[in-house]
Amino acid sequence: MKILIKNGHVIDPSQELDGIYEILIEGKKIKEIAPSLKKGKSASVKVIDAKGMYVLPGLVDMHTHLREPGFEHKETIKTGTHAAIKGGFTAVCAMPNTTPVNDNAGITEYIFQKAQKEGMCTVYPIGAITKGQKGEELSEIGMMKDAGCVAFSDDGRPVENPLIMRRALEYSKAFDVPIISHCEDLSLAEGGVMNEGLLSQTMGLKGIPKEAEEIIVYRDIALAGLTGGRLHIAHISTEGSVNIIREAKARGIKVTAETCPHYFSLTEEAIKDYDTNAKVNPPLRTVKDIEAIKEGIKDGTIDVIATDHAPHHKNEKLREFDLAPSGISGLETALSLSLKLVEEGVITLSELVKKMALNPAGILKINKGTLKPGSDADIVIIDLEKKFKVNSDLFISKGKNTPFEGWELKGMPVITICMGRVHEWQ
Amino acid sequence: MPVLNNKDLLGIKELSADEIKHILDTASGFKDVLKRDIKKVPTLRGRTVVNLFFEPSTRTRTSFELAAKRLSTDVINFSVPTSSVVKGETLIDTALTVQALGADFMIVRHSSSGVPHLLAKNLRASVINAGDGTNEHPTQALLDAFTMREKKGRIEGLEVVIVGDIAHSRVAKSNIYCLTKLGAKVRLVGPPTLIPDGIAKLGVDVYYDMDEGLRGADVVMMLRIQMERQGKGFFPSTEEYFGRWGLTSERFALAKKDAIVMHPGPMNRGIEISSDVADGERSVILEQVTNGLAVRMAVLYLLAGVKA
């Protein structure tokens with residue numbers, strides 16, 4: 001089966017392409033890409049006319065909670081990957097905070113096989129840094145890498161003990177895998193549920209100071225400098241974190257960083273009226289932080305925009321604010337929210353493709369995020385002008401927990417091609 | 001004059017100065033009722049009030065219960081140890097169950113801030129916040145304002161000092177909103193660990209030195225200090241706390257001669273207040289309790305939308 005995509009505006013920063021190109025797909029691979037391909041007219045070629053559309057490499061989300069095994073009422077590999085391709089993602093990385101935790105090769109293989117069987121896009125498991133994510137003993141990083149893990153993280157929790165974090169950054173060098181850090185000083189955050197400030201005071205909610213994140217960002221960067229390990233900082237939310245990472249990169253420390261759409265789209269004001277759908281960890285911050293994060297996205301301090309897709313069941317969110325779980329169902333809104341950065345002139349569309357496809361693929365050393373001939377036929381075709389209103393009832397994800405309900409967004413995928421399979425969206 | 005604009009009383013934050021004054025004026029009428037031989041009016045006969053308390057409370061619950069009975073409603077007390085909450089029922093399910101019993105009013109106390117707001121959104125019944133987490137305790141602030149107005153003849157221009165654990169006190173928060181809306185000058189006194197940074201933005205003055213904070217005050221409101229704060233590092237010992245921020249008669253002398261002392265209760269004698277002040281003639285602590293009844297009757301009455 002061959003597919004020809006023509007008349008579309010192709011953007012592929014891996015080949016520095018930005019113009020009208022034709023792409024020929026054969027089976028699961030991209031066969032050719034050129035301004036004009038030889039027109040050997042054949043009935044066996046399915047033609048996709050992408051006139052007026054942008055054609056990008058399929059997006060790669062390096063921070064997804066698929067919840068399986070253990071929390072299938074929140075999401076499954078099947079529904080999560082389906083939501084992913086609707087959102088324009090053709091590969092997602094499954095965070096290990098499942099039940100059981102993905103802290104051994106057996107669980108990794110289970111996730112891998114389940115994804116092969118039921119997944120609608122490619123799933124790369126992320127293994128736990130420590131057994132049971134308890135922060136005490138290292139997991140079998142080597143065996144898990146062999147089983148398919150592309151990175152290691154205790155996401156949802158920091159590795160509290162700096163000595164264990166040091167060992168993880170050291171040991172992982174043997175396997176050339178990144179250690180992804182959830183930066184939160186738990187003693188300082190002490191049961192906080194939102195950003196600390198006047199609003200947390202007047203809402204009577206326990207605040208988490210920005211310093212709870214920044215202290216661990218700095219600590220882990222210091223440890224990356226000490227060890228030479230590859231550190232990736234997850235979901236940064238504060239101005240201070242951006243500054244610390246920028247300075248560390250200037251010093252040549254091996255550190256990369258991600259943020260999520262909600263950290264440049266919303267402030268803490270979103271939780272007014274105790275909206276648990278805007279409860280997320282780290283918490284939403286202030287206008288100043290949003291500005292600093294946009295600046296970090298612009299100047300390259302922030303390498304990646306990830307979703308931190310964290311679906312929860314409706315009943316889990318419909319409860320006391322301080323007892324409700326943190327997280328936003330993000331796969332189906334991430335691209336559209338990030339396209340605002342392009343509309344506002346913060347970055348170009350090509351730079352956005354880097355942050356949502358090429359850079360995560362590079363950090364994870366996976367062969368994705370590119371339209372080079374020979375690579376997987378993972379492509380997303382987007383209509384930049386198409387407007388829609390966010391309606392969680394229409395989410396494919398089981399998680400309807402979004403603080404963007406009712407938002408008018410512009411720009412969305414119209415076709416996602418994953419390993420040569422075409423999915424068209426209304 | 002009509003009634004409160006909202007179905008619910010969630011906090012003082014949401015009220016205007018006029019609404020607050022209207023509640024206080026209405027409460028004056030009910031206070032007269034409470035002085036009669038027959039302290040009961042038929043105003044809300046047939047209505048059902050449920051005290052839905054997820055946190056232990058004796059005085060507030062009893063006060064609401066009696067206020068509701070004085071208005072001839074039927075009152076049910078629903079508290080945690082006897083409820084199905086311990087069996088794992090969700091908050092919303094518990095509240096819907098209570099509503100299905102025919103509750104017109106739900107008086108809610110919960111250790112999580114925002115619970116009355118969540119219930120108000122999901123219930124037909126009127127929700128009255130009887131204290132949520134560290135957010136608000138609106139009827140306490142209303143009864144405090146009522147007491148100040150009764151004793152001082154006005155609120156506007158009064159120098160009111162609130163001493164103690166401001167950070168964790170819903171009473172302090174509601175009082176700050178209420179008093180600043182009514183034009184009083186509010187000073188907060190306590191150790192820096194218990195006075196949040198930036199709270200001055202609410203239009204209050206902050207003092208770490210109690211003597212300085214007390215000078216020329218018309219009203220001194222002492223807050224309860226919870227013992228467990230000591231273990232969490234908010235202050236080193238109750239002895240040191242009392243030495244710096246406890247109200248003794250010597251310290252109280254720094255306030256105006258006719259200053260009154262208030263306390264929402266329950267008191268820790270010898271920790272935040274000495275017995276001679278608590279039992280002294282300028283203490284209005286027990287009158288606060290009596291006024292609480294009148295204020296809570298007024299709130300129920302106004303939310304019920306009944307014209308006088």
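Predicted model only: the values in this text are computed from it and were never measured. A, B, ... follow the sequence lines: proteins, then strands. Residue 1 opens every chain.
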Apply the test side chain to side chain contact (heavy atoms under 4.5 Å, CB included) to residues A:Leu318 and B:Thr90: give CA-CA distance (whole Å), side-chain angles for both, the deciding distance (0.1 Å), then the verdict.
CA-CA 9 Å; A:Leu318 186 65; B:Thr90 68; over 6 Å; no
Below 4.5 Å from any heavy atom of chain A, which atoms of B:His110 appear? Answer side chain, backbone, both or neither.
side chain
Counting only non-hydrogen atoms closer than 4.5 Å, does B:Asp197 touch chain A with its backbone (N, CA, C, O), its side chain (CB onward), both, or neither?
neither
For chain A, find which of B:Ser111, B:Gly198, B:Gly114, B:Ala167 contributes the most heavy-atom pairs closer than 4.5 angstrom.
B:Gly114
Is [X] atom [atom1] crowded by more than 12 heavy atoms from other residues, nucleotides or ligands, each under 6.0 Å away?
| X | atom1 | answer |
| --- | --- | --- |
| B:Lys121 | NZ | yes |
| A:Lys134 | NZ | no |
| B:Glu156 | CD | no |
| A:Tyr218 | OH | no |
| B:Arg244 | CZ | no |

Residue part contacting chain B, namely of [X], when any heavy atom lies under 4.5 Å:
| X | answer |
| --- | --- |
| A:Leu198 | side chain |
| A:Glu196 | neither |
| A:Thr202 | both |
| A:Asp273 | both |

Given side chain to side chain contact (heavy atoms under 4.5 Å, CB included), test B:Asn135 with A:Tyr274 step by step and report yes or no.
CA-CA 11 Å; B:Asn135 180 42; A:Tyr274 302 93; 3.3 Å; yes
Rounded to the nearest 0.5 Å, what's the gap from OG on B:Ser112 to NZ on A:Lys206? Could you check?
14.0 Å
Rounded to the nearest 0.5 Å, how far apart are OG1 of B:Thr134 and CD of A:Gln201?
7.0 Å
Residue-level interface, residues 6-13 of chain B with chain A, non-hydrogen cut-off under 4.5 Å
B:Lys13
Okay, side chain of B:Lys173, backbone of A:Met203: is any donor-acceptor separation there less than 3.5 Å?
no
